[in-house]
Amino acid sequence: MSAPLHPGEWLGMLGGGQLGRMAVHAAQSLGYRVMVLEPDAHSPAGAAADEHLQAPYDDADALTQLAARCAAISTEFENVPAQVLERLGADRPVAPAAPAVAVCQDRAAEKAHFAKAGVPCAPHALLQSAADCAAVDVGLLPGILKTARMGYDGKGQRRVKNAAELAAAFAELGGVPCVLEQMLPLAAELSVIVARGRDGQMVTLPVQRNWHVGGILATTAVPASGIAPELQAEALRRAQALAEAFAYVGVLCVEFFVLDDGRLLANEMAPRPHNSGHYSIDACSHSQFELQVRAMAGLPLPAPRLHSPCFMLNLLGDLWFDAAGQQREPDWAAVLQLSGAHLHLYGKAEPRRARKMGHLTIACATEAQAREQALAATRILGLPTEGLV
Ligand code: ATP
Ligand code: MG
């Protein structure tokens, strides 16, 4: 195993979004410098980076520069071409490695990985043609048809009740390979962040409980109140089994469903820090971004401790518009008056509906206080109260 990287060395980040921005902040705190590869001239991570390489993710010259400068490289979004990571990995430690990212990029490969690790998931079928749709097991209906690749925030998904709707949805999604999942009765949604080092050491953040609105994460609560401790322990074990099964290096997020009958099923994985782990910046001894940087740099991985019960509320672009559709600035001063409020804005110039502009973590001495303050924040900002009432 190679020695830990020294402060002052360069880390490379593929992607310029908010996940990259918060990783840059964590890397800089530990004394590293960061080069971000991102085609957009104005990006959250590009603005925070020590150097922004403005080029497409597969630009040969840019990749050569990145590999020449950076002692380790990571990615902040999973749709960067896996071949790019593979190429970079020939010269430099890349964490996570290309094969693991490739699995997470494809729902069919992801489901196969669940099976390999012995982790149960939703009953499903891979559909590659109209003929596959016609021959599908009707026991999977009603279901959710999801494109195998490139889906996020509920995009590339259609809910289908019967065979006719399935055929229409498959055509509407462009006839690309899809996974049909049985529609499950969800009692709750959980996620687990696991970090694994090059030496195989693993640590986890506490189990997160999540609520979505319109297919987008709205609220995360930690601790995951209302979820039996044995079930939470099982979620932690399964997330670690999934990381172990591809000798993962870096931060991995695993989303789980809890069904009405109490069963725990894996939903999907993200090969990077995750929106549901943002609370760890303000409520844990070590954040998911610090763990990502430590794993990249070959530093020890401490077991993070939750020091404050908290709620994380996503701030979507919708908040920047009043009822008449006029653009406005939300009343941040009023929100920041609340005790335990930590505001994170990603520096995106243009607010758009459903666009993730920032998040607010309310971390207090008790869960009841955090809930009360989070509810006050929803009233000030006009946010959904999912998970709070
Ligand atoms: P993201 O990447 O933002 O987490 P995504 O677009 O990859 O989301 P999924 O996580 O697959 O999508 O699904 C989004 C949400 O839709 C889930 O969090 C859950 O609320 C609901 N959902 C997905 N699959 C099922 C299912 N099989 N049964 C019931 N609900 C589901
Ligand atoms: Mg998801």
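Every number for a ligand or one of its atoms is a count from 1 in the order of the listing.
- The shortest side-chain heavy-atom distance between Leu259 and Leu186 falls under the 4.5 Å cut-off.
- The closest heavy-atom contact to atom 16 (O) of ligand 1, among the options Arg159, Glu268, Arg107, comes from Arg159.
- For atom 24 (N) of ligand 1, the nearest non-hydrogen atom of the protein is Lys146 NZ, 2.9 Å.
- Chaining together hydrophobic side chains whose heavy atoms lie under 4.5 Å apart leaves Met150 on its own.
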Problem - Verdict with supporting geometry, Asp50 and Gln28, side chain to side chain donor-acceptor pair (under 3.5 Å) - result: CA-CA 9 Å; Asp50 295 274; Gln28 290 171 339; 3.0 Å; yes

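- Leu381 places a side-chain heavy atom less than 4.5 Å from the side chain of Trp332.
- Between Tyr346 and His359, the two ring planes are tilted [angle within 30° to 60°].
- At the shortest separation from atom 6 (O) of ligand 1 among protein heavy atoms lies Gly154 N, 2.6 Å.
- Contact annotation for Leu186 and ligand 1: only side-chain heavy atoms (C-beta onward) come within less than 4.0 Å of the ligand.
- Interface atoms of ligand 1 facing Ile144, defined by a heavy-atom separation under 4.0 Å, are 22 (N), 23 (C), 24 (N), 25 (C), 26 (C), 30 (N), 31 (C).
- Close approach of ligand 1 to Gln182 (heavy-atom distance below 4.0 Å) involves ligand atoms 26 (C), 27 (N), 28 (N).
- Distance remark: protein heavy atom present below 4.0 angstrom from atom 29 (C) of ligand 1.
- Listed by number with element, the atoms of ligand 1 under 4.0 angstrom from any heavy atom of Asn267 are 9 (P), 10 (O), 11 (O).
- Contact atoms of ligand 1 toward Glu255: 4 (O), 10 (O) (distance under 4.0 Å to a heavy atom of the residue).
- Summarising the geometry, atom SG belonging to Cys178 is positioned 7.0 Å from atom CG belonging to Leu127; distances are rounded to the nearest 0.5 Å.
- Looking at atom 3 (O) of ligand 1, its nearest protein heavy atom turns out to be Asp153 N, 2.8 Å.
- Rounding to the nearest 0.5 Å gives a distance of 7.5 Å between OG of Ser191 and CG of Leu217.
- Of the candidates Met183, His212, Glu189, the one placing a heavy atom closest to atom 19 (C) of ligand 1 is Glu189.
- A side-chain donor-acceptor contact under 3.5 Å links Glu255 and His274.
- Counting non-hydrogen atoms of other residues, nucleotides and ligands closer than 6.0 Å to CD of Gln201 gives a total above 12.
- For Glu268, the N/O/S atom at the shortest distance from the Mg ion (ligand 2) is named OE2.
- The shell of residues lying under 4.0 angstrom from ligand 1, judged by heavy atoms, excludes His124.
- Regarding atom 9 (P) of ligand 1, its nearest protein heavy-atom neighbour is Gln157 NE2, 3.4 Å.
- Among heteroatoms of the N, O or S kind in Glu255, OE1 lies nearest the Mg ion (ligand 2).
- Counting Ile, Leu, Val, Met, Phe, Trp and Tyr side chains that sit under 4.5 Å apart, directly or through other members, Leu126 shares a hydrophobic cluster with Val179.
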